[in-house]
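Data block below; observations after.
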There are 2 protein chains.
Amino acid sequence: MKSKEKLQAAAAKLFIDKGFENTTVQEIASLAGVTERTFFRQFKDKSDVLFDTNNDLGQGVAAYITNNFDVEKNPLKLAVDGFVSISEFFDSSRERVLSRNQIIQSNPDLQERELLKGQVLITSISNSLSAQYDGDLSELAARFAVEIFHMAYIKWIKNAEKRLAEQLLTVYELYENSFCC
Amino acid sequence: MKSKEKLQAAAAKLFIDKGFENTTVQEIASLAGVTERTFFRQFKDKSDVLFDTNNDLGQGVAAYITNNFDVEKNPLKLAVDGFVSISEFFDSSRERVLSRNQIIQSNPDLQERELLKGQVLITSISNSLSAQYDGDLSELAARFAVEIFHMAYIKWIKNAEKRLAEQLLTVYELYENSFCC
DNA sequence: TTTCAGATGTCAGTTTGTGACACTGTTTTA
DNA sequence: TAAAACAGTGTCACAAACTGACATCTGAAA
């Protein structure tokens with residue numbers, strides 16, 4: 001086990017046990033059996049340990065978009081379907097997602113960082129759409145799609161009964177039926 | 001001049017002169033003629049000095065929404081018009097907005113914080129809409145409106161020729177003509 | 001085995017941010 | 001008016017987050 005993974009595991013445990021703000025980098029490092037200094041070599045700062053994932057979401061959605069392009073579909077629907085295509089991941093690791101979410105919601109700094117991921121998401125999706133559509137249109141569709149995902153994600157967090165894909169479609173239909181002309 | 005204002009002025013000057021990361025709270029405080037400790041009593045952290053505004057935007061847009069409710073209009077259009085109603089402020093202080101924007105773009109932490117303001121905006125707008133519309137619909141409209149504003153804002157930053165109101169309507173029309181059904 | 005690159009430790013230092021308490025001036029109230 | 005409450009600030013001591021420089025280790029290639 002590499003020290004990076006050990007640090008992530010240690011951080012996850014401590015953050016859940018005592019909260020993000022109440023655990024020091026010192027503690028994380030020593031639980032992982034390394035030095036504080038090596039923590040900061042692996043992660044750019046304390047919160048970074050929670051945000052390591054290299055935009056898997058964005059790549060997944062982007063891949064779906066480039067593989068399933070369909071002139072008939074509007075770009076927003078295409079992007080939302082992209083989210084649906086990766087939604088199974090969330091359902092299959094609900095526990096982990098929930099506890100991570102709980103940590104993030106407990107701290108404003110972490111919420112900010114989480115939002116930054118939204119921006120990265122927008123960029124990935126916008127780029128993949130712009131292979132087929134106008135640039136501005138792609139960006140707008142990407143932004144709206146991410147917002148639909150956000151809303152669906154929040155609903156999914158709060159309601160254990162429905163799958164994320166269902167929530168995504170529910171929100172999309174709300175859009176279609178309401179102010180879509 | 002209260003110490004809070006002195007600190008803000010000092011910070012603005014130093015951030016522009018030497019960049020955000022290269023200026024210490026120490027420097028800001030002594031330029032303002034107060035102690036570091038006083039700085040932290042006025043602002044919760046170093047970046048807070050840039051984000052003092054108490055959600056004026058949100059209140060402005062919300063006010064427009066509650067005063068101009070119109071059953072005929074869809075909530076998204078209403079919210080976008082709300083942004084149009086306060087857009088003159090941006091045009092009239094373009095210089096200040098631009099230099100502030102430059103500081104923020106130079107530092108990832110500040111960008112994150114800026115995004116958090118977007119969330120606050122969503123909440124204000126969503127709340128004011130939900131006096132007339134369904135809750136989920138209001139939230140979705142608020143989210144989309146803020147994204148339209150973001151896009152228009154970026155265009156406005158890049159292009160000195162057009163007013164913000166024009167950019168807002170351009171983006172809204174892009175939406176209407178493209179994937180609005 | 002030797003060598004060499006990459007990961008880690010060590011240490012000293014800067015910066016951010018906080019708690020506790022004392023001091024000053026202003027406003028309220030007895 | 002005198003006393004008491006209060007708000008803003010300074011001072012000091014300190015924890016915690018981060019960084020740079022350099023030493024040391026370790027594992028794999030030559």
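Scope of the values below: all heavy atoms of this structure, side chains included, with no hydrogens, waters or symmetry mates.
Whole-Å rounding puts the B/Lys2 NZ to D/dG8 P distance at 8 Å. If you measure from atom CD of B/Gln26 to atom C1' of D/dT11, you get 13 Å, rounded to the nearest angstrom. The NZ-P distance, from B/Lys44 to C/dG19, rounds to 14 Å in whole Å. Going from atom CZ of A/Phe40 over to atom P of C/dT16 covers 15 Å, rounded to whole Å. Remark: P of C/dT16 and CD1 of B/Ile28 are 8 Å apart, rounded to the nearest angstrom. Atom CZ of A/Phe43 and atom C1' of C/dT8 are 15 Å apart (whole Å). Atom CG of B/Asp109 and atom P of C/dT16 are 12 Å apart (whole Å). With rounding to whole Å, B/Asn107 atom CG is found 14 Å from D/dC18 atom C1'.
Across D/dG8, D/dT11, D/dA21, the shortest atom-to-atom separation from the side chain of A/Arg41 is found for D/dA21. In this structure, of C/dG17, D/dT9, D/dC18, it is D/dC18 that holds the atom nearest to the side chain of A/Glu36. Closest to the side chain of B/Lys46, from the set C/dT16, C/dC11, D/dT9, is C/dT16.
Cation-pi geometry between B/Lys44 and B/Phe51 is not met at under 6.0 angstrom from the ring centre and within 45 degrees of the axis. Remark: B/Lys46 is not positioned above the aromatic ring of B/Phe39, lacking an NZ or CZ atom under 6.0 angstrom from the ring centre and at most 45 degrees off the axis.
Put simply, B/Gln42 has a side-chain N or O that comes within less than 4.0 Å of OP1 or OP2 on D/dT9. In this structure, B/Thr38 reaches the D/dG10 phosphate: one of its side-chain N or O atoms is under 4.0 Å from OP1 or OP2.
Within 4.0 Å (heavy atoms only), A/Glu21 reaches no atom of the nucleic acid at all. Among the heavy atoms of the strands lying under 4.0 Å from A/Thr35 is at least one base atom, whether or not backbone atoms are also near. In this structure, B/Glu27 reaches neither bases nor backbone, as no heavy-atom distance under 4.0 Å exists between it and the strands shown.
Place A/Thr24 and B/Gly33 on DNA chain D by their nearest nucleotides, and B/Gly33 ends up nearer the 5' end. Judged by closest nucleotide on DNA chain D, B/Arg37 is the one of B/Arg37 and A/Arg37 placed further toward the 5' end.
Each of A/Leu140, A/Leu129, A/Ile125, A/Ile65 was checked for a side-chain contact (heavy atoms from CB on, under 4.5 Å) with A/Pro75, and the lone residue meeting it is A/Leu129.
A ring-centre distance under 6.0 Å is found for A/Tyr133 and A/Phe69.
B/Lys117 and B/Glu114 are joined by a salt bridge, as a carboxylate oxygen and a charged side-chain nitrogen come within less than 4.0 angstrom of each other.
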